[in-house]
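Read the structure below first, then the notes.
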Amino acid sequence: DAGMCEYALASAGDADREERLGTAEEYFRRAIELRPPAALSWWSLARVLNDQGLGDDARAVLEQYLQEHPDGEGAEMVH
């Protein structure tokens with residue numbers, strides 16, 4: 001998945017880190033649009049947001065997932 005690749009590259013800590021995190025965020029948001037019940041995309045988006053210093057937004061994403069898809073695919077990873 002392209003989002004995971006960008007996230008992994010951002011973890012390398014080079015000068016492009018913020019740009020790569022932003023790109024990963026975009027990919028995970030698109031993945032959520034395509035498969036809303038899939039928890040992995042929501043969890044991944046929350047992780048990227050947290051790494052961008054947006055902890056409150058990350059928690060809000062996970063809460064939104066639990067409200068909208070309590071029995072979604074992989075929901076146990078978000079609980």
Side-chain angles (χ1 to χ4, degrees):
D1 154 88
M4 291 307 286
C5 291
E6 287 294 326
Y7 183 76
L9 289 170
S11 297
D14 63 5
D16 296 332
R17 182 177 191 276
E18 292 303 317
E19 181 179 337
R20 291 191 185 279
L21 285 174
T23 301
E25 178 185 347
E26 289 176 31
Y27 287 142
F28 292 134
R29 288 188 186 280
R30 286 184 198 157
I32 288 169
E33 289 176 14
L34 293 173
R35 290 187 53 218
L40 180 60
S41 298
W42 293 80
W43 181 86
S44 298
L45 174 59
R47 187 170 174 181
V48 168
L49 292 171
N50 189 66
D51 286 358
Q52 291 173 318
L54 303 171
D56 290 341
D57 291 348
R59 280 186 289 285
V61 163
L62 297 178
E63 289 172 6
Q64 180 182 354
Y65 174 80
L66 290 173
Q67 288 177 350
E68 294 178 11
H69 309 284
D71 299 318
E73 178 184 328
E76 65 277 356
M77 75 180 351
V78 175
H79 287 279

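Everything numeric in this text was worked out from a predicted model, so none of it was measured.
Here Asn50 pairs with Ala58 under the side chain to side chain contact (heavy atoms under 4.5 Å, CB included) rule; sequence neighbours left out. Remark: Arg47 engages no residue in a salt bridge (Lys or Arg N to Asp or Glu O under 4.0 Å) (not counting sequence neighbours). Annotation: side chain to side chain contact (heavy atoms under 4.5 Å, CB included) contacts of Leu21 (sequence neighbours excluded): Tyr7, Ala10, Arg17, Glu18, Val48, Asp51, Gln52.
The OG atom of Ser41 sits 7.0 Å away from the CZ atom of Phe28 when rounded to the nearest 0.5 Å. Expressed to the nearest 0.5 Å, how far CG of Leu40 lies from CE of Met77 amounts to 5.0 Å.
Residues Glu6 and Ala24 share a closest heavy-atom pair of CB-CB, 3.8 Å. Shown here for Ala39 and Gly74, the closest heavy-atom pair between the two residues is CB-O, 3.1 Å.
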Might you work through the salt bridge (charged side-chain N to carboxylate O under 4.0 Å, His left out) test for Arg29 and Glu25, ending with a clear yes or no? CA-CA 6 Å; Arg29 288 188 186 280; Glu25 178 185 347; 3.1 Å; yes
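A side-chain contact (heavy atoms from CB on, under 4.5 Å) with Leu45 holds for exactly one of Asp57, Val61, Leu62; it is Val61.
Residues Trp42 and Gln64 are in side-chain contact: their nearest non-hydrogen atoms beyond the backbone lie under 4.5 Å apart.
Within the structure, every pair that satisfies the salt bridge (Lys or Arg N to Asp or Glu O under 4.0 Å) test and touches residues 58-73, not counting sequence neighbours, is listed here: Arg35-Glu73, Asp56-Arg59.
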